[in-house]
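Below is one structure, written out as structure tokens, with a few remarks after it.
Because the structure is a prediction, the values reported are computed rather than measured. Just so it is clear, the values below take in all heavy atoms, side chains as well, and ignore hydrogens, waters and symmetry mates.
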Amino acid sequence: MKRVMTSLSMLIFVLVLNSCEVETKSETEAPLIPEMVFVKGGIIEGKDYPWAPPIGNFPKGRCVQLSDFAIGKYEVTQEEYYSVMKDEVVSVTAYVDGVGERTAEFFVDSRPSFCKPNNPPYHCFEGEKQERRPVEGITFYDALWYCNVLSRKTGLEPVYKIKVLEVTSVNFSSHITSAEVEMIPGANGYRLPTLCEAEYAMRGGDPKAPDWDFLFSGADSEPGRERYSINKGLDPVGWYQYNNKTGVSGTSDSDKENNTYYSYKGTHEVGLKKPNKLGLYDMSGNVSEYCYGKIDWAKKPKYTGELEINPVRIDETGNNRPSYGGGWNSGAISVHSFADNPDSYSTDGIGFRVVRSRD
């Protein structure tokens, strides 16, 4: 692996992206804009939930007010990501002793996904559109960069101020692996959801509706299997480790045809399962999705019951980035949970969807 950092002997050069099998639009066409769904905000009084100990972002003793926002109807797809990120260059500047400042430029990989044709062990599912599979193989910072570029190309104000500190290149695939990031107050562009926004949308946006207490986004658990890895209650709304071949859960870990540990690895075209109450697809399963935050999961927040308005969790000692919803390689027990990922992490199971604030 070749790691290029802000360090000694950094030169200006450009990496040429390799081609892939995804069908794309003309280079001169405008970027594809994700379809958005309006979410009415509200006040959430935390409580204990029947399916688990107090976990998530609305535990008993916490009171949160969220403003209205819009969120992607689907996870960002491979064609949407490419249409925004093609030919996108990032610069990294470093001071070299005896030489002074030097800048290196990189094309960010606009076709980063592992789940594509002719890339074993990943499977292409018959009848599904490759370009409509969710993008994955990206870092947290790649997702932020996409949000800013999409905002700029659509005439909106970028939400993030990003100073790139490190770019990592492996086999001509470059990703942003370290950066300083600030949110710009009042910016109207695209961004990642906060932890609270993600859970609020995932649970249907109405704390008084039955869906709010469902184990999965848009579907409740199979009775008695809330803490099991195989759960047929997830089948109507999500792709996960034990139904990724047919959409119907297998019966045991040893059923290799219905366990992605052994076979049928990879994402599915977005929107093939049923949506949740808000009309959002794949909020449980397919790919886990990045949220905006910086988390120290060893630090347990203390809530006083005082109203928090649009909270964003940034822990001073945090060094991990949250994602939610689980993916095609997750057991059912993980599909409703929040995970933590290193800044530079890129994998076949994490993607994202975008949000915009609505005043």
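A donor-acceptor contact closer than 3.5 angstrom is absent between the side chains of Thr103 and Ser91. No side-chain donor from either of Ser284 and Ser217 sits under 3.5 Å from a side-chain acceptor of the other. Between the side chains of Gln130 and Gln78, at least one donor-acceptor pair of N or O atoms lies under 3.5 Å. Side chains of Ser249 and Asp235: a donor on one and an acceptor on the other come within 3.5 Å.
Ionic pairing of Arg62 and Glu308 is present here: one or more N-O contacts between side-chain nitrogen and carboxylate oxygen are shorter than 4.0 angstrom. Between Glu128 and Arg132, no side-chain nitrogen of the basic residue sits less than 4.0 Å from a carboxylate oxygen of the acidic one, so the salt-bridge criterion is not met. One finds no salt bridge joining Glu131 and Arg111 here, because no Lys/Arg side-chain nitrogen approaches an Asp/Glu carboxylate oxygen to under 4.0 Å.
Tyr281 forms part of a hydrophobic cluster together with Tyr74, Val270, judged by ILVMFWY side-chain heavy-atom separations under 4.5 Å.
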Walk me through whether Ser221 and Asn231 qualify under side-chain hydrogen bond (donor to acceptor under 3.5 Å, both in side chains).
CA-CA 7 Å; Ser221 172; Asn231 191 321; 2.8 Å; yes

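The aromatic ring centres of Tyr292 and Tyr160 sit less than 6.0 Å apart.
A cation-pi geometry, defined here as NZ or CZ lying under 6.0 Å from the six-membered ring centre and within 45° of its normal, holds between Arg356 and Tyr190.
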Donor-acceptor pairs under 3.5 Å, side chain of residues 32-45 to any protein atom, not counting sequence neighbours: which ones?
| residue | atom | partner | partner atom | Å |
| --- | --- | --- | --- | --- |
| Glu35 | OE2 | Lys73 | NZ | 3.4 |

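Nearest heavy atoms, Thr347 versus Glu136: O-CB, 3.7 Å. Heavy atoms only, all atoms of each residue included: Gly204 and Asn276 are closest at N-ND2, 4.2 Å. In terms of heavy atoms, Thr251 sits closest to Asp255 at N-OD2, 4.0 Å. Annotation for Gly72 and Arg353: closest pair O-NH1, 3.0 Å, computed over non-hydrogen atoms.
Classification of the Tyr200-Trp212 ring pair by plane angle, with boundaries at 30° and 60°, yields perpendicular. Relative ring orientation between Tyr290 and Phe140 is described as perpendicular, the plane-to-plane angle rising above 60° on a 0-90° scale split at 30° and 60°. The aromatic rings of Trp239 and His268 lie parallel to each other, with less than 30° between the two planes, well short of the 60° mark.
Arg313 pairs by the salt bridge (charged side-chain N to carboxylate O under 4.0 Å, His left out) definition with Asp315, not counting sequence neighbours. In this structure Asn259 satisfies the side chain to side chain contact (heavy atoms under 4.5 Å, CB included) test together with Gln241, Tyr242, Asp253, Tyr261, Tyr262, sequence neighbours excluded. Every residue two or more places apart in sequence or in another chain was checked for a ring-ring contact (aromatic ring centres under 6.0 Å, His included) with His175, and none qualifies. Applying the side chain to side chain donor-acceptor pair (under 3.5 Å) test to Ser229 and every residue at least two apart in sequence or in another chain returns nothing.
Using a 4.5 Å heavy-atom cutoff, the side chains of Arg191 and Val354 are not in contact.
At a threshold of 4.5 Å between side-chain heavy atoms, the hydrophobic network of Ile, Leu, Val, Met, Phe, Trp and Tyr places Met183 and Tyr141 in one connected group. Linking Ile, Leu, Val, Met, Phe, Trp and Tyr whenever their side-chain heavy atoms come within less than 4.5 Å leaves Val135 and Trp328 in two separate clusters.
For Lys277 (side chain) and Gly218 (main-chain N/O), no donor-acceptor pair under 3.5 Å exists by modelled atom type. A donor-acceptor pair under 3.5 Å is formed between the side chain of Glu80 and the backbone N or O of Thr77.
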